[in-house]
Amino acid sequence: MEIERKWMVTGWPEGLPEVEVYRMDQGYLCVRPTVRIRREALRGGATSHVLCFKGAPDPAGLAREEIETEITPDLFARLERLIGKPLIVKERRSYALPGGLTLEVNDVDPGQPTHFMYAEVESPTLAIAQSWDPAAAGLEQYLCDECTGQPGASMGEYWVQTRGE
């Protein structure tokens, strides 16, 4: 189960310890339900290829079933050719938050006219997700534009808007 809150942001946060940085390329075979491929290259580390299935979100937009499985680079390449559209390029930086949670900030399609940035905080339970306050981490100014559960605020919707279905 994936449980997360999401915010639109500008720039990278300041004053938080950076945990890791990934370069990602992702594309969608379909968005309803979500079937996605992603190549994730950890800075200074390994590259993985992931096939992901996501169910419909709950009414609040906080939680949904997510199944991820690693696939071979060859299968990734075959699925990428099947998609036949340019993949979304992302850089994701992760930051440690007080209390053990992680802030993930994503820079999407940098250099493109559709470029934007968003941040997510994944939580182990709905109660933690609902009660987490950005001010507790000194992020009330940075995380001020919450878009959790808002129509059109998913990467799948961005895919449809920029690449077509």
Side-chain angles (χ1 to χ4, degrees), residues 1-42 48 50-68 87-163 165:
M1 181 70 62
E2 174 185 61
I3 303 169
E4 64 188 12
R5 288 175 58 191
K6 185 174 179 177
W7 294 263
M8 301 306 294
V9 298
T10 303
W12 305 105
E14 295 180 12
L16 293 174
E18 190 175 273
V19 177
E20 59 191 5
V21 177
Y22 279 93
R23 162 83 169 55
M24 301 176 175
D25 303 292
Q26 68 184 44
Y28 293 77
L29 286 101
C30 65
V31 295
R32 287 176 203 90
T34 299
V35 180
R36 176 191 75 206
I37 59 170
R38 180 186 285 160
R39 180 176 35 236
E40 304 175 335
L42 177 62
S48 60
V50 179
L51 176 62
C52 178
F53 304 89
K54 293 187 179 199
D58 68 3
L62 281 171
R64 64 180 170 170
E65 186 64 38
E66 179 180 66
I67 302 166
E68 291 186 337
L87 300 183
I88 296 168
V89 174
K90 289 175 39 173
E91 180 177 328
R92 171 178 286 163
R93 297 183 188 180
S94 298
Y95 302 87
L97 293 172
L101 296 177
T102 302
L103 175 70
E104 295 177 339
V105 181
N106 297 271
D107 188 14
V108 180
D109 279 341
Q112 300 299 316
T114 55
H115 168 258
F116 70 99
M117 294 180 77
Y118 71 97
E120 298 174 322
V121 174
E122 290 198 23
S123 300
T125 68
L126 282 171
I128 291 171
Q130 292 165 333
S131 66
W132 187 78
D133 182 4
L139 295 170
E140 63 274 12
Q141 296 298 316
Y142 184 69
L143 300 178
C144 61
D145 185 11
E146 186 165 3
C147 58
T148 304
Q150 291 183 5
S154 72
M155 285 302 300
E157 290 302 320
Y158 175 73
W159 175 265
V160 170
Q161 292 168 8
T162 60
R163 273 73 169 178
E165 206 160 351

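Every value quoted in this text rests on a predicted model; they were computed, and no experiment measured them. All values below were derived from every heavy atom in this structure, side-chain atoms included, with hydrogens, water molecules and symmetry-related copies excluded.
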Return the [atom1] to [atom2] distance between [X] and [Y], rounded to the nearest 0.5 Å.
{"X": "Cys30", "Y": "Phe53", "atom1": "SG", "atom2": "CZ", "answer": "9.0 Å"}
{"X": "Cys144", "Y": "Leu139", "atom1": "SG", "atom2": "CG", "answer": "10.5 Å"}
{"X": "Met1", "Y": "Leu126", "atom1": "CE", "atom2": "CG", "answer": "8.0 Å"}
{"X": "Leu143", "Y": "Tyr118", "atom1": "CG", "atom2": "OH", "answer": "14.0 Å"}
{"X": "Ile3", "Y": "Ile128", "atom1": "CD1", "atom2": "CD1", "answer": "8.5 Å"}
{"X": "Thr125", "Y": "Trp132", "atom1": "OG1", "atom2": "CH2", "answer": "14.0 Å"}

Compare all side-chain heavy atoms of [X] with those of [Y] and state whether any distance is below 4.5 angstrom.
{"X": "Val35", "Y": "Leu51", "answer": "yes"}
{"X": "Leu62", "Y": "Arg5", "answer": "yes"}
{"X": "Met155", "Y": "Val108", "answer": "yes"}
{"X": "Tyr95", "Y": "Pro13", "answer": "yes"}

With sequence neighbours excluded, tell me which residues meet salt bridge (Lys or Arg N to Asp or Glu O under 4.0 Å) with [X].
{"X": "Glu65", "value": "none"}
{"X": "Glu122", "value": "none"}
{"X": "Lys90", "value": "none"}

Shortest non-hydrogen contact from [X] toward [Y]:
{"X": "Leu97", "Y": "Ala137", "result": "CD2-CB, 4.0 Å"}
{"X": "Leu101", "Y": "Pro124", "result": "CD2-CD, 3.9 Å"}
{"X": "Ser123", "Y": "Ala129", "result": "OG-CA, 3.4 Å"}
{"X": "Pro57", "Y": "Arg64", "result": "CA-CB, 3.7 Å"}
{"X": "Val9", "Y": "Ala119", "result": "CG1-CB, 3.9 Å"}
{"X": "Pro134", "Y": "Trp7", "result": "CG-CZ2, 4.1 Å"}

Does [X] have any ring pair (Phe, Tyr, Trp, His ring centres under 6.0 Å) partners at least two apart in sequence or in another chain, and if so, which?
{"X": "Trp12", "value": "none"}
{"X": "Tyr142", "value": "none"}
{"X": "Tyr22", "value": "none"}

Pairwise side chain to side chain donor-acceptor pair (under 3.5 Å) hits with a residue in residues 97-109, at least two apart: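 Sorted pair list: Arg92-Asn106, Asp107-His115, Asp109-Tyr158, Asp109-Arg163.
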Summary of salt bridge (Lys or Arg N to Asp or Glu O under 4.0 Å) pairs that have at least one residue in [range], sequence neighbours excluded:
{"range": "residues 123-143", "value": "none"}
{"range": "residues 19-36", "value": "Arg23-Asp25, Asp25-Arg39, Arg32-Glu157, Arg32-Glu165, Arg36-Glu68"}
{"range": "residues 6-15", "value": "none"}

Going by the rule side chain to side chain donor-acceptor pair (under 3.5 Å), which residues pair with Thr148 if we only count those two or more places apart in sequence or in a different chain? Glu146
With sequence neighbours left out, what residues match Arg93 under side chain to side chain donor-acceptor pair (under 3.5 Å)?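 Result, side chain to side chain donor-acceptor pair (under 3.5 Å) vs Arg93: Glu91.
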Determine, step by step, whether Ile88 and Tyr28 satisfy the side-chain contact (heavy atoms from CB on, under 4.5 Å) criterion, reporting the C-alpha distance in whole Å, the side-chain angles of both residues, the deciding distance to 0.1 Å, and the verdict. CA-CA 9 Å; Ile88 296 168; Tyr28 293 77; 4.1 Å; yes
Evaluate the side-chain contact (heavy atoms from CB on, under 4.5 Å) criterion for residues Thr114 and Gln161: first the C-alpha distance (whole Å), next the side-chain angles of each, then the deciding distance (0.1 Å), finally the verdict. CA-CA 10 Å; Thr114 55; Gln161 292 168 8; over 6 Å; no
